[in-house]
Structure formats: structure tokens, C-alpha cells
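Notes for the one structure printed next.
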Protein chains: 2
Amino acid sequence: MNLAKPNYSEHKKFHVALDCIIFGFDNGELKLLIHKRKFEPFLGYWSLFGGFLKSGESLDDGARRILSELTGLEDIYLEQLFAYGEPDRDPAQRVISVTYMALIPEHRYSQEYSRRYGAMWVPVKELPDLIMDHNDMVVKGLKRLRKIASTQPIGFELLPNEFTIPQLQSLYEAILGEQLDKRNFRKKLLSMDLLVKLDEKDKSGSRKGAFLYKFDQKKYNKLVNNGFNFTI
Amino acid sequence: MNLAKPNYSEHKKFHVALDCIIFGFDNGELKLLIHKRKFEPFLGYWSLFGGFLKSGESLDDGARRILSELTGLEDIYLEQLFAYGEPDRDPAQRVISVTYMALIPEHRYSQEYSRRYGAMWVPVKELPDLIMDHNDMVVKGLKRLRKIASTQPIGFELLPNEFTIPQLQSLYEAILGEQLDKRNFRKKLLSMDLLVKLDEKDKSGSRKGAFLYKFDQKKYNKLVNNGFNFTI
DNA sequence: TCAAAAGTGTTGTTGATACACCCATGA
DNA sequence: TCATGGGTGTATCAACAACACTTTTGA
């Protein structure tokens, strides 16, 4: 073999897939969007949203394409997590899969898409058996979500634009899997000065109603430039 | 197209490469092991240690194989970092590359291998231009190293089995890129009760000599099982 | 009028930081 | 004897955890 000028073609090629771990939050529960797989092997079994990488697109582009094809949504939070490549992970053929974590406010995902793709939101605590190594992917994704959510303000990606403090707390409790003290939580959040209080109240959760807030992205960006670190 | 039973073969395949970001520590400096690339394109240019994934092996196995081929070392710390897939990242042909971070105690890497592969330890602060997106990979790798080193006891992977507290501190200073107070550092480290003090002193660094310590992996494992969190 | 969730402050504890001097030794 | 790096303790401050009662309102 001529070491100096080998042709890449002597090396094997592989299918590359992208699998999306899609988190949502509703009714106090952290959920995952899964669907029934549309092709063999494992046709009809619960699976993450996935697809194959195409020639002209980057990994990020591919994940974004798959997500928007299957949900109709653009501009959603998406982040690469991990590459899976056990030789026998897909019984049909060798596939390298790169996972992405996506955060979707549940109300933005339409019933129509849900019907069209046989998709369902399931609480992460009651996750059914998924195909291949998809359950491992979710476990790893959940760990990453916890880590990221406690060091960056991504929780807001899972809520409507306007939300209440109790909603936000309930979201963090679901993500972190533990109860939080409401006084400490509120104190901490408001002390970071990232939320804008609105005049309006949301009365859906209680008779008294809770004030709505918005996350101030610009202020956050400024703070970060000055060395600020978000923590919950 | 029959959605129910598509054949994978309708999808494109890609070369998959593994690139190793190899950190070392010597003389108070954090270093990176790079070498002159042995094939076109970019023959003779500085590059990370890399290679192509083979059919039967997992990503981890592939990274481990490449590392052991190029260094002669087994049993070294290795962890997957990130997948790179921009369509034009390799001008010759489309290649998806998965990076791994490796930690090698510098004294374990032999001159012989260094000569054989044209490899060199360079301080991360004075990194030359590397091929393609390898500089990006290193930047990302360094960030991950900082994060991991401050939450898990992996610093020891970069030192000899027996080391002194000042050595350890100097390593952490190099990784974190900041000076640390020696009293606080020592206090914190010893309070975790993970180090075993030996009777011997290392006199290479000073006339007085500093006591040698060993990291107690078993004790650490036990502590972790009880919910212990390492932090520097 | 009452049930149910929203909202509010203080205190104690713990962990992080800042800081200066003596010790042991080989040259 | 002196220059060099090793080794030690305390005081202050900030962040976090624990904790209980009042308010509002629709039914």
C-alpha cells in the first residue's frame, strides 16, 4: 500500500442517520415525542424521529430538516448530543446515528402532524420500549437535558412565550426530577433579572391567578458578555 | 416510493473518520499531540491523529485502535466528544468525523513512536494551524476538558501514578487557565479524602521536596455510589 | 366561607475566597 | 546563609437551604 497517497475509496462507507430526542412539557410532566416507525425493520414499532443524512447537507441541517418535515416547525432549539456506532445496532444494515436534542413547546405541535405521522407525546417516566438503542439515547439525552437546563436558560424553550413562575418551577421540577422550594426558586430566578413581569395574570392554574413573565433574551446576551453564568 | 419498505440502499453512504484530541501535561504546560499527515490531501501538514472507521468496529473501538496504533498505548482515557459533518469540511471527499478526547501521561509516550509518526507535543497555547476544521475541534475539546476536569477526577490521567500536590495544582492551573491559591487547593483536595499520602518525597521540584500521593480509585468509586460529587 | 394556589422574608449553615508566615534543604 | 519551593490556619463573605403564614378569588 502506498501510504503517501491512498485513495479514500479503499475505506468503507456507512449510512449516517440522525435521531431526534424531542422533549416537550405539559401538565406538569416532561414528555417525549415518539412515533410508529414507517419502514422495515421494526415497521410499526415506537421509535424516535429519525432519518438519513443526505449528500449536500451538514449534520445540523439534516436534523433540522427531519424535524421540520415531521413537525412542520422551524426555529426550534436543537443541539447535537452523541454519535452511536455499535456495528450491530441496526440489524438490517450498519448505520451510524447522531442524536440531537430538540425542545418543543407542546402547544406548537399540531394534531394534524401527530395524526399524519402516528406521533405521540409520552411522559418520560412512562417511556415504552423503543427500537434498537433508542432507549439508551433517551437516557443519555435526559442526562444532558438536566445538565444543560441547570446551566443555561433553555427551559424557556419548552414554555409559551409568556409563562408564570409556578409554571416555570414545575417545569424545572420535571426536568430535574426533584421538588424545589418555591420561595427560593422565585428569589433566585428574579434575582438574575432575566424575566420581565407583565401586567396580565394567567388564571388557568388557580383562582387567584399568577402573573405572566417573559424571558428577556437581549438582557441575557448582555449579561453573558459580562461573564454572567445562569444557574438553577 | 413505497414508504412501507424502503431499502436503505436508496440512501447515501459516507466515509466516517475518527479524530483524537490528545492532551498531555508536562513542564507546567497543557499540550496536544499532533503529527504531520501521511496522505493527501494536506500531506505533511499538522493534523490531529485520525483514521477511518472500519466495518466491524464500533466508534469507540475505532478510536481506541487508532490511538493504540499511533502511540502504542492501551488503557488510556478516551471519551467521545462531537461529530463534525459540514459537507465541504474535507475538500477531497465527504467525510463525517467523530472526535475523541484522550488523556496521556506524557512520559508514557515514547520517542520511538514520535519519530515513527512525525508526532510532536505542542503547548495548546501555541497551537499551529491544523488542517481542515481540526483547530475548531481542539477549541471545543479544550472547553470540554475544562468542564470535565472540574467535575470528575480525570486530572490524574495526565500525571504519573504518584504525584505531588504542587504538580496536581499546576496541572489544574494549566487546564483551567487560571492561578489557584495553594492553601485552598490543598485543603479542598485533601478534604475529599481521595488521595493516599506516601512516605516518599519527590525532590525534583524543590530542595525541600514534596510528598507523593496516589489517587484512590476504589475509594472514589465508593463515594460516587453514595452520591459524592467531585469538584475542583 | 372555604379550598386552592400565589405570593412573600428571615435565619442558620456551609462552602468559597482571601491572605502571610515558617520550614526544609542543597548549593 | 540564603534562595527556592513546600507546607500550614483563620476570618470574612456569599450562596444555599430550611421554614410558615397571608392574600386572592371563584365556586
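Chain naming here is simple, since letters A, B, ... match the order of the sequence lines and numbering starts at 1 in each.
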State whether the side chain of A:Thr164 and the backbone N or O of A:Phe211 hold a donor-acceptor pair below 3.5 Å, judged by distance alone.
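It does not hold such a pair.
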Could you tell me whether the side chain of A:Thr99 and the main chain of A:Asp19 form a donor-acceptor pair under 3.5 Å?
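The answer is no, because no donor-acceptor pair under 3.5 Å joins these two groups.
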Of all heavy-atom pairs between B:Arg146 and B:Ile175, which one has the smallest distance, and what is that distance?
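Answer, listing the atom of B:Arg146 first, then B:Ile175: NE-O, 2.7 Å.
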For atom [atom1] of [X] and atom [atom2] of [N], their distance in whole Å:
X        : N      : atom1 : atom2 : result
B:Lys201 : C:dC23 : NZ    : P     : 13 Å
A:Arg186 : D:dT22 : CZ    : P     : 18 Å
B:Asp181 : D:dG7  : CG    : P     : 15 Å
B:Lys197 : D:dG6  : NZ    : C1'   : 11 Å
B:Tyr213 : D:dG6  : OH    : P     : 12 Å
A:Asp202 : D:dT25 : CG    : P     : 14 Å
B:Glu178 : C:dA18 : CD    : C1'   : 15 Å
B:Leu180 : C:dC19 : CG    : P     : 15 Å

Below 4.5 Å, heavy atoms only, C-beta onward: do B:Lys36 and B:Tyr45 meet side chain to side chain?
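No, side chains not in contact.
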Kindly indicate whether the side chain of A:Arg183 and the base of D:dA20 share any N or O donor-acceptor pair separated by less than 3.5 Å?
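Counting by modelled atom types and ignoring angles, a donor-acceptor contact under 3.5 Å is found here.
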Taking for each residue the nucleotide of DNA chain C with the nearest heavy atom, is it A:Gly209 or B:Ser206 whose nucleotide lies nearer the 5' end?
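Per heavy-atom nearest nucleotide, the more 5' residue is A:Gly209.
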Starting the side chain at C-beta, find the nucleotide from [options] nearest to [X].
X        : options                : value
A:Lys208 : D:dT24, D:dG7, C:dG26  : D:dT24
A:Arg207 : D:dG6, D:dG26, C:dA6   : D:dG26
A:Asn184 : D:dA18, C:dG26, D:dA20 : D:dA18

Ignoring backbone atoms, test whether B:Lys187 places a side-chain nitrogen or oxygen under 4.0 Å from the OP1 or OP2 oxygen of D:dG9.
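No.
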Audit row: A:Leu32, A:Ile22, side chain to side chain contact (heavy atoms under 4.5 Å, CB included) steps and yes/no
CA-CA 6 Å; A:Leu32 204 69; A:Ile22 305 176; 5.7 Å; no
By nearest nucleotide on DNA chain D, pick out whichever of A:Lys188 and A:Lys203 is the more 5' one.
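By nearest-heavy-atom nucleotide position, the 5'-most residue is A:Lys188.
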